Structures are given as C-alpha cells and as structure tokens.
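Data first, discussion second: the structure below is written as structure tokens.
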Amino acid sequence: MNHPLDTALWGVLPYLVLTLFLAGSAWRYRYDRFGFTTRSSQLHESRLLSVGGPLFHYGLLFVIAGHLTGLLIPESWTEALRVSEHTYHLTSLLVGGAAGLATAAGLALLLHRRLSTPSVRRATLRTDLLLHPLLSAVLLAGLTATATGAAAHPYDYRRGVSVWFRSLFALDPDVPAMTHAPFVYRLHALLAMALFTLWPFSRLVHAFAAPLGYAVRPYIIYRSRART
Amino acid sequence: MRVMAQVAMVMNLDKCIGCHTCSVTCKQTWTNRSGTEYVWFNNVETRPGRGYPRGYEDQEKWRGGWELRHGRLVPRTGGRARRLARLFANPELPALDDYYQPWTYDYDELLSAPLGDDVPTARPRSLTDGRPTAVTWGPNWDDDLGGGPEHLAGDPVLRAMNDTVRLEYERAFMFHLPRICEHCLNPSCVAVCPSGALYKRIEDGIVLVDQDRCRGWRMCVSGCPYKKVYFNHRTGKAEKCTFCYPRVEAGEPTVCSETCVGRLRYLGVMLYDADRVGEAAAVPGEKDLYPAQLGCFLDPDDPEIARAAEESGIPHDWITAARRSPVRALISTYRLALPLHPEYRTLPMVWYVPPLSPVVDALSGSGHDGEDPANLFAAIDALRIPVEYLAGLFTAGDPAPVEAALCRLAAMRSHMRRVNLGEPQDPRIAASVGLDERSMHAMYRLLALAKYEERYVVPTTYAAGSPEPQPVSGCSLDAEGGPGMLPDEEAFHAPPSALREPAAGRANLLTWNGRDTAGLFPPRRRGTSR
C-alpha cells in the first residue's frame with residue numbers, strides 16, 4: 001500500500017502538471033501569441049551572451065536528448081543491442097555530465113550577466129524571478145543525481161525513474177518505482193514538475209518557437225494583404 | 001513575365017535642408033513608445049558622416065544584404081544552416097551603443113528642487129537602466145558635420161575612397177540623406193528571418209513584420225544592410241518602417257512625405273517583372289546592378305504590359321496610377337533618381353535624385369556663374385570627388401550614371417533660367433543631355449513646382465487575386481498582427497477592437513477569481529461555435 005503522499009506526488013501530480021502544461025501552452029498561444037518571444041537582451045549586452053547563450057542552449061539540447069534516451073528507451077532494448085548496463089551508464093555519466101556542466105556554466109554566466117548589467121537587470125520580467133532560481137535548482141539537482149552515478153554501486157534509474165515515467169503515459173502510474181528512487185532523483189523530478197508548471201506562463205514558451213521550418217522554406221515570403 | 005506593383009519613393013536630395021521634420025513626425029506616429037526610444041524608422045543623416053547606426057554601411061562588419069557565392073545569391077550573414085547554428089547569440093547584432101543609449105531628463109527636478117542659490121538642473125537619466133547617465137552620442141550627433149573630422153573618418157563610403165580625396169572633399173560639400181526602409185524587391189531581412197515573420201506584401205510591395213509571428217531572433221536586424229529593422233527591447237519583437245501602410249492603403253502619402261517641408265519626396269507605383277528580380281540581383285558586376293534593376297521595371301504605357309498586369313490581378317486604377325507615377329518618371333523616364341547602395345543586391349525601392357547644389361555652390365564660391373551650362377558641365381566633370389562619393393552611395397562606384405543625372409539637372413537649371421529671364425533659348429542645352437524642351441519643362445514642373453497631387457500618386461488598396469478593388473472596412477491597424485500606435489506595451493498587442501473587452505473585465509491567471517471563466521476568454525463571436 002502506497003503512502004497517500006507518495007500517491008499524490010507520483011500518481012496524481014504529474015497529470016495535473018501535464019494538464020496545466022498543455023492547456024496553459026494552448027491558452028497562451030491562443031490569447032498571447034505576441035508574448036511568444038525570446039525577449040532577448042542582446043541589444044543591451046552582447047559579449048557575455050555570445051558565450052553564455054550558446055553554451056547554455058546547446059548544452060541543454062544535449063541534456064534534453066539524454067533525458068529522452070534515458071527515460072523513453074527501456075533497458076531491455078539497449079541490452080538487445082548488446083550494450084551492457086555498465087557501458088550505458090558510463091556513457092551517460094560522461095556525456096550527460098559534460099552536457100550538464102556546460103549548461104550549468106552557461107546558466108551561471110547568463111545569471112551573472114543578468115545581475116551585473118543594469119539594463120539587463122531592469123529588463124528582467126517578474127516571472128524570471130521565479131524562473132531563474134527554479135531552473136538553477138532543477139539543473140543542480142540533476143547534476144547531483146548524475147554525479148551520484150560515479151558511486152561504486154550507482155542507482156540504475158532506468159529500472160526506477162524511467163519505469164515510473166513511462167508508466168505515466170500508460171495511465172497506470174508505477175508509484176513504488178519512484179518512491180524507491182534516491183532522494184535527489186525525487187527532488188529533481190519534483191522541481192522539473194514545477195518547471196513544467198511555470199513553462200506556459202514564462203519566457204520558456206520560446207522553446208516552442210524553434211524555427212525548424214526555416215531550413216526548408218524559400219528565402220523571400222510574399223503575403224497578401226487579404227487575410228487568409 | 002509576372003507583373004507586380006510596388007509603391008515606391010524617390011527623394012530629391014537637392015531640396016533636403018536637414019530639418020528632421022520627417023524623422024520627428026514619423027517618431028511621433030510610430031515609435032514614441034518605451035522599447036523603441038532609440039528607434040527611428042526615418043532618420044536624416046549628414047553625408048559624409050557615419051550615419052545611424054554608426055557605420056551601418058560597413059558590410060564587412062555587419063554582414064547585411066546579399067552576396068554572390070559561387071554564382072548563387074546567399075545572405076551575406078550566412079545561409080540557412082549558419083543562421084540556425086547562430087540562433088542563441090547573433091554575432092552581427094549592433095549593440096545599443098552603435099545606435100545610441102536613449103535618455104531622458106529629470107525634468108521634475110526643475111519644479112521640485114528646494115529653494116536655493118543654485119539654478120536647478122534637469123540631469124540626464126538613462127531610459128534603459130534608469131540610472132543617471134552621461135550623454136555621449138545621440139541620433140544626430142554628427143549632424144551638419146558637427147563633432148569634426150574624426151567622425152568623417154568613420155564614414156564607410158569615404159573610407160573606400162583614398163585619403164587625398166577625403167581632405168579635399170571636406171572642403172567641397174555636405175548634404176543630407178533622409179533614410180527610411182527601402183522596401184526592397186529582394187529583401188534580405190525577409191530572407192534571414194527564421195520564423196518567417198517578415199514578408200513582402202503582394203499588393204503594394206511593402207515589407208512588414210508580423211508581430212504575432214516574430215519570435216525575437218534578431219536576424220533581420222543584422223540581415224538588413226540599411227539597418228532599418230529594429231529590435232524593440234521591451235516587447236522582444238522586431239519593428240520596422242511600415243511605409244505608413246494604413247495611410248498608403250487609403251491613398252494618402254506616408255507621414256514623412258506628407259510633412260516634408262522641402263516637398264522633396266515623391267510617391268508612386270512602379271510595375272516590375274517579379275521573374276526578373278532574382279536574375280537582376282545576381283548579376284556578377286556590382287556596377288551592373290543599377291541597370292539590372294532598371295531592367296526589372298515595366299512600362300505601363302505598353303498595352304502588352306498593361307494587359308499582363310490586369311491578368312496578374314493588378315486593378316486598372318493601379319495601372320493608370322503607374323502611368324502617372326512621378327517615381328517612374330524620375331527613375332525610368334528622366335533617369336534622375338538612383339538607388340541607395342545597389343551593391344547590397346537587395347534591389348531597394350526608395351531612390352534618390354543626387355544633389356546638384358553642392359556643385360553649384362562650389363562654382364559660385366569660386367566666383368564663377370554657377371548656373372552657366374558650360375561652367376556647370378565642366379564642374380561636374382572636374383569635381384571628381386563629390387561625384388565619386390555620390391557614386392559610392394548610389395551606383396556602387398560607377399560615376400557615369402551620377403554624372404548623367406547631375407548634367408540633366410544642370411541643363412534644366414540653365415534652360416529654365418533662360419526661360420525665366422526671357423533670354424533666347426538654346427535647344428542645344430536640352431539636346432546635350434538627350435532631352436527636348438517639353439521634357440525639360442515637365443521635369444521642372446515635377447522637381448521645382450512639385451505639386452502635391454503630382455508628387456503623390458497613390459491609388460487606394462485592393463485585395464490580390466480579385467481584379468476589382470475591395471472596399472476597406474475599418475482601420476487596418478486593428479487587424480491581427482498590425483502594429484498599433486498605443487503608448488503602452490499592454491495595449492500594443494491588444495486583440496482587435498471588435499473583440500476588445502473593457503480592461504477591468506479582463507482576467508489573467510493571477511487575477512482570476514477562481515470560480516468562473518469571466519474575463520478569461522474573449523466573448524464568443526456570433527456565428528462561430530467552439
């Protein structure tokens with residue numbers, strides 16, 4: 001029998017977060033499309049941004065790719081490909097650790113820039129006051145979790161957290177899989193849920209604006225005055 | 001052949017006195033909002049000079065416009081792959097310092113300072129960080145060559161000429177160059193926008209930013225070689241000169257044109273062949289770009305072309321407007337107007353009649369009769385430096401078209417002086433520049449008298465695809481994505497007025513009462529079911 005708090009945290013809360021994330025994003029897109037922007041402050045300060053921006057974002061892309069691999073691909077699949085748990089773990093520790101450190105370094109530089117440049121500081125939004133600490137906390141918890149992987153007998157998150165994560169989408173949350181995870185993993189997951197809750201209402205929506213269509217569209221766009 | 005129409009502009013630089021009325025009225029109309037303090041859709045710069053933003057013509061640095069790479073036209077700032085790779089920090093974005101740091105004054109000090117021996121002062125305060133600041137540069141710091149020769153050294157066009165020329169030139173002349181967005185036929189800002197927010201309108205060729213699609217990647221700012229796309233640092237969106245499209249749609253001239261005290265701006269329709277644009281922008285020689293662009297323009301008096309235009313959906317009144325177009329007369333008929341920096345390969349559509357007055361002034365200053373045709377023609381030939389500088393601005397360095405335009409202006413001056421003084425007329429003057437007496441008078445009427453209805457021939461708008469003009473309902477500023485003119489950011493992206501609720505009735509997630517959906521969603525439109 002699960003503790004009611006565990007059921008609430010790992011069986012109910014994820015669905016609330018997901019609902020808010022999807023509905024909130026749809027609502028924002030419908031009623032505040034104008035607000036979908038990077039809100040770049042490069043006009044005020046370019047030197048630090050030119051290092052911190054790419055470092056953070058490219059690091060993050062690797063981190064996201066790593067999360068998708070770790071969470072969505074079951075251990076049995078990689079074993080079928082004759083990748084041992086040890087090899088997989090070592091790779092994820094090295095690549096994930098490097099990407100995580102790059103992201104953290106980028107974020108630190110960007111936060112320093114935001115605090116030390118008066119004009120950038122003034123351009124900070126109210127949601128940023130919540131977003132930046134939260135983002136830092138998620139990142140630090142995640143990095144700590146990755147670092148625990150260097151221990152002699154590391155926690156195999158693909159038998160715990162990942163199972164729980166996939167079970168969410170099967171609408172049959174495997175609460176015990178999560179309650180048995182180390183504290184830092186649970187903290188990381190909780191903070192991540194907070195981040196996804198904040199997502200639609202903060203500048204994070206600019207992630208939805210990834211201009212993938214640019215690679216295939218013609219250079220010059222013509223549009224008619226008449227609305228289509 | 002694919003006939004398209006563009007509302008284009010020509011500015012007669014001989015008449016510009018640098019009064020900045022256009023800049024000020026434009027700013028009051030479009031950019032008097034926070035976030036756009038530093039933004040001038042229209043600015044007037046003194047040439048030679050560094051321009052605004054400083055040194056914007058140095059494309060080695062800013063990488064605006066297009067370049068030919070292995071015979072293919074590619075944005076100079078890089079193709080699609082490089083743009084996407086540089087998404088997280090744009091290496092060629094001008095900083096606010098390259099424009100100027102916007103500021104205001106503590107005017108309140110003047111009234112609220114306690115009684116004392118000292119006169120209260122209003123000290124400057126930065127508009128970006130709110131702290132007291134020292135004003136070190138402004139939108140027209142080097143106006144009228146103010147600030148001395150060191151600013152001249154920063155002029156990229158002068159730098160391309162050699163040093164001896166530069167010294168001589170400083171004594172020679174100075175003129176003003178009003179600039180707006182060029183609404184190019186081959187706009188590089190549109191090409192580099194990753195979100196596809198910038199577009200060229202089919203009906204009138206105006207280049208606009210869809211505010212709801214812009215995601216603030218800032219590529220357009222560096223992609224435009226004229227630096228006429230700006231980044232609103234409050235809303236995080238790109239903004240640019242709109243060619244006052246709500247006015248143009250109603251058949252009225254732009255604000256900058258309407259308020260120009262020198263009556264130097266001309267507005268009219270140009271018909272062009274869209275199929276030729278790509279070729280014209282990709283001709284190998286930079287000096288061939290001006291003739292290549294001329295080759296894109298179509299003659300609306302040609303019945304074949306008029307028929308093709310109607311088939312392309314251009315309404316009849318636009319074709320008649322194209323026939324009467326003062327812009328077409330100055331660009332194609334008299335070959336007086338020249339494009340600004342054709343070497344950027346964007347095929348700009350705001351052209352300039354080069355200034356003759358500096359040549360006349362130089363002649364008069366040296367004790368000669370500045371309006372004697374023989375003197376003038378010789379002077380245009382001899383005053384190599386101004387011509388070379390003008391060629392650097394308007395013809396990618398080819399002096400021949402500049403000389404030809406100046407000679408035509410000189411011939412008109414001499415011819416009309418004889419007419420006005422009742423002296424015997426000399427048909428050889430007109431013939432020497434390839435014109436006849438009638439066209440001399442027509443040119444004189446267009447340039448010197450410049451009647452309102454002859455300067456601005458702007459037909460009212462239509463909807464592409466339907467040959468009949470459609471009635472315009474409401475103000476197009478209210479349309480979704482239309483940049484409004486309201487002072488605060490909140491109202492700037494307010495929904496169209498028909499849907500707008502009283503502000504008090506609106507709720508967001510922070511002010512939501514938690515019980516019902518009142519104020520969370522706009523009222524249902526009749527006839528739509530959700």
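Proteins come first, then strands; the chains are lettered A, B, ... in the order of their sequence lines, and each starts at number 1. The structure displayed is predicted, hence computed values, not measured ones.
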Can you tell which part of [X] gets under 4.5 Å to a heavy atom of chain A, answering side chain, backbone, both or neither?
{"X": "B:M4", "value": "side chain"}
{"X": "B:D97", "value": "neither"}
{"X": "B:L87", "value": "side chain"}
{"X": "B:R201", "value": "both"}
{"X": "B:N186", "value": "both"}

Top contributor to chain A interface from [options] [non-hydrogen pairs under 4.5 Å]:
{"options": "B:C193, B:G205, B:S188, B:C214", "value": "B:C193"}
{"options": "B:L93, B:V192, B:D129, B:L96", "value": "B:D129"}
{"options": "B:S195, B:P94, B:G236, B:S126", "value": "B:G236"}
{"options": "B:G79, B:C189, B:A89", "value": "B:A89"}
{"options": "B:G216, B:A81, B:P194", "value": "B:P194"}

Exercise for the section: Could you tell me whether B:R69 atom CZ has more than 12 heavy atoms of other residues or ligands within 6.0 Å of it? Expected result: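 Enclosed: over 12 neighbouring heavy atoms sit under 6.0 Å from CZ of B:R69.
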Handout entry: Note, A:R223 side chain near B:L208 side chain (heavy atom, < 4.5 Å)
Key =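 Contact flag for A:R223/B:L208 side chains = no.
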Problem - Validation row: B:H233, A:S41 side chains within 4.5 angstrom (heavy atoms) - result: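 Side chain of B:H233 against side chain of A:S41, heavy atoms only: no contact under 4.5 Å found.
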For [X] and [Y], work out which heavy atoms get closest and say how close.
{"X": "B:K237", "Y": "A:F36", "value": "NZ-O, 3.5 Å"}
{"X": "B:W217", "Y": "A:A209", "value": "CZ2-O, 3.6 Å"}
{"X": "A:T37", "Y": "B:T235", "value": "CG2-O, 3.6 Å"}
{"X": "A:T38", "Y": "B:R218", "value": "OG1-NH1, 3.9 Å"}

Problem - Any residue of residues 274-281 of chain B which, by heavy atoms, sits under 4.5 Å from chain A - result: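 Residues in range: none.
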Fill in the blank from the handout: Turns out that what part of A:Y29 lies under 4.5 Å from chain B's heavy atoms comes down to side chain
Practice task
May I ask you to list the residues in residues 213-220 of chain A that approach chain B closer than 4.5 angstrom, counting heavy atoms only, ordered by number?
Solution key: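 Within residues 213-220 of chain A, the residues under 4.5 Å from chain B are A:Y214, A:A215, A:R217, A:P218, A:Y219, A:I220.
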Practice task
Under the side chain to side chain contact (heavy atoms under 4.5 Å, CB included) rule, collect the residues that match up with A:P14, sequence neighbours excluded.
Solution key: A:W164, A:L168, A:M193
Problem - Test side chain to side chain donor-acceptor pair (under 3.5 Å) applied to A:S116 - qualifying residues, sequence neighbours left out - result: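 Expected list: none.
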